[in-house]
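Below is one structure, written out as structure tokens; comments come after it.
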Protein chains: 2
Amino acid sequence: MKIKNDIISCKTCVYRTLLFGCLDDIEYKMINNARREVLFHKGEKIKSEFEKINSFLYLRRGLVKLYKTDHTGKDHILSINKPGDFINLLCIFTNETYNYSISTLEETLACEVDINVLEHLIKANGDFAISIVHRMGHIAGEIIESRFEQSQQQIKGRIASILLFFADQVYHRKTFELPITRREFGELISMTTENTIRTLSDFNNDGIIATKGKTINILDYDFLWKIKVNG
Amino acid sequence: MKIKNDIISCKTCVYRTLLFGCLDDIEYKMINNARREVLFHKGEKIKSEFEKINSFLYLRRGLVKLYKTDHTGKDHILSINKPGDFINLLCIFTNETYNYSISTLEETLACEVDINVLEHLIKANGDFAISIVHRMGHIAGEIIESRFEQSQQQIKGRIASILLFFADQVYHRKTFELPITRREFGELISMTTENTIRTLSDFNNDGIIATKGKTINILDYDFLWKIKVNG
DNA sequence: AAAGATAGGTGATTTATATCATACTTTAAA
DNA sequence: TTTAAAGTATGATATAAATCACCTATCTTT
């Protein structure tokens, strides 16, 4: 991890409208002063479960995984998060400690804002409070939706969902480098590594995707959607 | 459904401290005026998915299920909610419509507060905004936790968790009437009705619980906990 | 009281997934 | 640069859960 000198201001940040659209000049200054940019290298653990929360985290560049480790030592990935995501907003005002760990999957640039300043702004600016509440509901809705989806799917449907997530939500192309290992892929869909590998091989053999190591090329995008929706 | 004349005021409500502890007298009056008590009979559908959200819902007595119906017509229960729960807080400021349906499992008394008044209070009272944000995070944390738990469990562990939920969180006794059918039990743990029934029978035959129709008596509470934790 | 619908229950069989074993490949460390 | 450790891959087998079939009991409605 490396703390960077401020390069941009919140006011001109591309993600500004997502949450900070309603702040006035003085409030921007407050956020800007209470904030630092942090660069994490690939594979770095940003936060540990049970670590005290004292900042609001905001992804500017890169990719992270949110995960929990069970009592047998096995990891379970809750979600993959990308630029624009507020990766700890849901738990920030609730717990004194994180209830999941966060690690980077790529080199990642994040903004860290002192939690007390954010709390102050929520109290002082009603519109900002509403956007926080709005954003939290949005994140929770995605968790509910993905849980609902997974409970209807078998392994093929789950694999298809994740492949489409990377293609549509993260890389915006049909060919991309998978940022996770096969083991992590399994941890994300609650399946074993072996069956995850096998199913990716099946998709490859069936001509739905072409795999070469970490490179994935989606050949039959529409069929992948059918698999995602129907099982 | 039956609209009741106001009997109690928010100020003396037993659940006041959960969310409304920081309101002043004028604000209490606002909530009280914008609020109505509604009594739903057993099995009634309170809200439908895709229905417009225009009130904040607050359980005072009874029990409800939150669920979604998939494209094959099968229901998936997201959670069972009990008195003191804010059953639509997570999505209230996000969507214009519900993203799940709500039905009662028992006769249920709820408070409905006009959403605009709640939004006004969030904007006007910073401490109230903080308690809303705090409470939302708490609810989201429970969803994350239950998802993490389920992904580690097979059917026995899931059944044990639900039985302990009813005993510890809802009825506060080891003997209770199951408020859901075996089918709904399955919808709650993402297992088929048949296997749910079979596992309850197994628990009964093994002397862990005693079942008679809807009546459940937990005989070996500690062992049920072991099953919940270890699989 | 009869008839139909829903709920509870159990066995047999099929299917999906986990587990175990083993090999080869790539990456990281000594 | 060799060695060790992960990661990828695939087959065989075991286990968990779904499905199908059928039956009885209990509500609901007429």
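Letters A, B, ... are given to chains in the order of the sequence lines, protein chains preceding strands, and every chain is numbered from 1.
Aromatic rings from B:F148 and A:H76 are positioned such that their centres are separated by under 6.0 Å. Checked against the 6.0 Å centroid criterion, the rings of B:F56 and B:F86 qualify as a close aromatic pair. Aromatic pair A:Y67/A:Y100: centroids not less than 6.0 angstrom apart.
Cation-pi geometry between B:K156 and B:F203 is not met: the NZ or CZ atom fails to fall both under 6.0 Å from the ring centre and inside 45° of the normal.
Atom CD1 in A:I216 sits roughly 10 Å away from atom P in D:dT8 (whole-Å rounding). What separates CD1 of A:I189 from C1' of C:dT17 is a distance of 11 Å, to the nearest Å. Atoms CZ (A:F203) and P (D:dT10) sit 15 Å apart, rounded to a whole Å. The separation between B:K214 atom NZ and D:dA25 atom P is 17 Å, rounded to whole Å. Straight-line distance from the CG atom of B:L178 to the P atom of D:dT26: 17 Å, rounded to whole Å. For the pair A:N195 CG and C:dA21 P, the computed distance is 17 Å after rounding to whole Å. Note: CD (A:Q153) to P (D:dA17) measures 19 Å, nearest angstrom. Between the CE atom of B:M191 and the P atom of C:dA16 there is a distance of 16 Å, rounded to whole Å.
Between D:dG7, C:dG9, C:dA7, one nucleotide has an atom nearer to the side chain of A:R183 than all others, and that is D:dG7. Here D:dG7 is the nucleotide among C:dT10, C:dT19, D:dG7 with the atom lying nearest to any side-chain atom of A:T181. Here the nucleotide nearest the side chain of A:E194, chosen from C:dT17, D:dT10, D:dA17, is D:dT10. The side chain of A:T192 sits closest to C:dA18 out of C:dA18, D:dA17, C:dT10.
By the 6.0 Å contact criterion, CD on A:Q169 is enclosed, its count of non-hydrogen atoms from other residues, nucleotides or ligands being greater than 12.
B:S201 comes within 4.0 angstrom of sugar-phosphate atoms only, judged by non-hydrogen atoms across all strands, and of no base.
Between the side chain of B:R198 and the base of C:dG8 there is no donor-acceptor pair of N/O atoms closer than 3.5 Å. A:R182 contributes no side-chain N or O that forms a donor-acceptor pair with the base of C:dT26 under 3.5 Å.
Take the nearest nucleotide of DNA chain D for A:Q154 and for A:I197: the residue whose nucleotide is more 5' is A:I197.
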